[in-house]
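Written below as C-alpha cells is the structure these notes are about.
In what follows, every chain begins at residue 1, and chains take the letters A, B, ... in the order their sequences are listed.
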2 protein chains.
Amino acid sequence: MNGKISSDLLRGHTDTIVLSILKDGDSYGYEIYKKIIEKSDGLFELRETTLYSSYRRLEQEGSINSYWGDETQGGRRKYYTITLAGEKVYQHNKLDWEFTKKIIDKLL
Amino acid sequence: MNGKISSDLLRGHTDTIVLSILKDGDSYGYEIYKKIIEKSDGLFELRETTLYSSYRRLEQEGSINSYWGDETQGGRRKYYTITLAGEKVYQHNKLDWEFTKKIIDKLL
DNA sequence: ATACAATACTACGACTGTCAAGGTAATATT
DNA sequence: AATATTACCTTGACAGTCGTAGTATTGTAT
C-alpha cells in the first residue's frame with residue numbers, strides 16, 4: 001500500500017481530509033484512519049500518529065469537539081464532531097486546494 | 001501578491017517547479033525567482049531563501065549543475081543547468097503530482 | 001489453552017522544507 | 001546624494017509528518 005504519495009505532497013491536507021470525513025458524521029480516531037484508506041481505494045494511508053496530532057490541532061483551534069463513547073466493554077473510543085467553525089475551515093481549505101491545483105498545474 | 005497559497009500546500013513542489021523552469025534553458029537564482037512569479041501571473045512567489053535551499057538540494061542530489069557566468073561588471077550570476085538525472089526526477093515528480101491530485105480530490 | 005492479529009489510543013524524539021530576518025555588494029533610477 | 005533593484009548568501013526558528021514505542025482489550029487461528 002501507499003509508498004506513492006510523499007509526505008511532503010500530503011502536508012497541509014491532513015486536517016482537511018479529517019474534516020471531510022467528519023462532515024459525513026461523527027467518528028473516532030481509529031475509524032477515521034480506516035476510512036481514509038478505504039476512501040482512497042487502499043492507495044495510501046495517513047499514519048496514525050499524524051492523524052492523532054491532527055485531531056489535537058483541530059480540537060485546539062475549535063474545528064472539532066470530542067466526547068468519549070460509552071462502550072461498556074472493549075477499548076473506549078473518543079468520538080469527534082465537526083463544529084460550525086470546522087465546516088467553514090473545510091470550505092475554505094477546499095477552495096485553497098482548487099486554487100493551488102491550478103497554480104501548480106501552470107508551473108509544472 | 002500571494003498570501004493565498006500556504007507554504008504547506010506548496011511543500012514538496014518547489015524542487016519540481018525549479019526543474020520545470022530549467023527544463024526550458026539555463027537560468028540563475030534570481031531570474032528563476034522572477035520567472036516563477038511571472039509564470040504564475042503574479043499570483044504567488046516562492047521566497048528567495050526557499051529557492052536557494054532548493055538549488056543546494058538539487059545540486060547535491062545531482063539534478064542540476066552550476067557554473068559562474070562571466071559577467072565582467074555587475075553582480076556575478078550563478079547559472080544552473082538541469083542534468084539528465086534531473087529531467088528524470090522532473091518526469092517522476094510530475095507523475096507523482098498527477099497521482100496525488102486524484103487522491104486528494106477523492107478525499108476532499 | 002495459547003499465540004497472534006486487530007482494535008483503539010497515546011507519548012516522545014527526529015527529520016526536513018519553508019520562512020523571517022539579516023547581510024554584502026554592484027548597478028540603475030530619481 | 002539617496003533609493004530601488006539586481007544578485008547572492010547564512011543562520012536559526014517553526015511546524016507537520018513519521019518512526020518507534022507502549023498500554024490494554026477483543027476476536028481468530030493453531
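At distances below 3.5 Å, not a single donor-acceptor pair connects side-chain atoms of B:Ser20 with backbone N or O atoms of B:Thr16.
For DNA chain D, no neighbouring residue in residues 22-36 of chain A is found when judged by any heavy atom under 4.0 Å.
The aromatic rings of B:Tyr80 and B:Tyr55 are tilted relative to each other, their planes meeting at an angle between 30° and 60°.
Between the CG atom of B:Leu46 and the C1' atom of C:dC19 there is a distance of 11 Å, rounded to whole Å. Atoms CZ (B:Arg47) and P (D:dC14) sit 18 Å apart, rounded to a whole Å. Rounded to an integer number of Å, the gap from CD of A:Glu48 to P of C:dA8 is 10 Å. The distance from atom CZ of A:Phe44 to atom P of D:dT17 is 11 Å, rounded to the nearest whole Å. Rounded to an integer number of Å, the gap from A:Trp68 CH2 to D:dA24 C1' is 12 Å. In this structure, the CD atom of A:Glu45 is 14 Å from the P atom of D:dT17, given to the nearest Å. Going from atom CD1 of B:Ile37 over to atom P of D:dT5 covers 12 Å, rounded to whole Å.
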Contact list (N/O, under 3.5 angstrom) for nucleotides 13-17 of chain C vs protein:
unit_1 : atom_1 : unit_2  : atom_2 : d
C:dT16 : O2     : B:Arg11 : NH2    : 3.4
C:dG17 : O4'    : B:Arg11 : NH1    : 3.0
C:dG17 : O4'    : B:Arg11 : NH2    : 3.0
C:dG17 : N9     : B:Arg11 : NH2    : 3.4
C:dG17 : N3     : B:Arg11 : NH2    : 2.5

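Residue B:Arg77 places at least one side-chain N or O closer than 4.0 Å to OP1 or OP2 of D:dA7. When the side-chain nitrogen and oxygen atoms of A:Arg76 are compared with OP1 and OP2 of C:dA8, none of them lie within a distance under 4.0 Å. Contact check, B:Tyr52 against D:dC9: no side-chain N or O comes under 4.0 Å of OP1 or OP2.
Contacts of A:Glu48 classified as side chain to side chain contact (heavy atoms under 4.5 Å, CB included), with partners at least two apart in sequence or in another chain: A:Tyr30, A:Tyr33, A:Tyr52. The side chain to side chain donor-acceptor pair (under 3.5 Å) check on B:Ser40 picks up nothing, with sequence neighbours excluded. Taking the salt bridge (Lys or Arg N to Asp or Glu O under 4.0 Å) definition, one finds that B:Asp24 meets it with nothing, sequence neighbours left out. Among residues two or more places apart in sequence or in another chain, the side chain to side chain donor-acceptor pair (under 3.5 Å) test is passed with A:Thr50 by none. With sequence neighbours left out, the side chain to side chain donor-acceptor pair (under 3.5 Å) criterion links B:Glu59 to B:Ser66. By the side chain to side chain donor-acceptor pair (under 3.5 Å) test, A:Glu98 pairs with A:Lys101, sequence neighbours left out.
Contacts of B:Ser7 with the nucleic acid, taken as non-hydrogen atoms under 4.0 Å apart, involve only primed sugar atoms and P, OP1 or OP2.
Considering only the side chain of A:Thr49, C:dC12 comes nearest among C:dC19, C:dC12, D:dC8.
The salt bridge (charged side-chain N to carboxylate O under 4.0 Å, His left out) pairs that include a residue from residues 6-21 of chain A are A:Asp8-B:Arg11, A:Arg11-B:Asp8, A:Asp15-A:Arg57, where partners are two or more places apart or lie in different chains.
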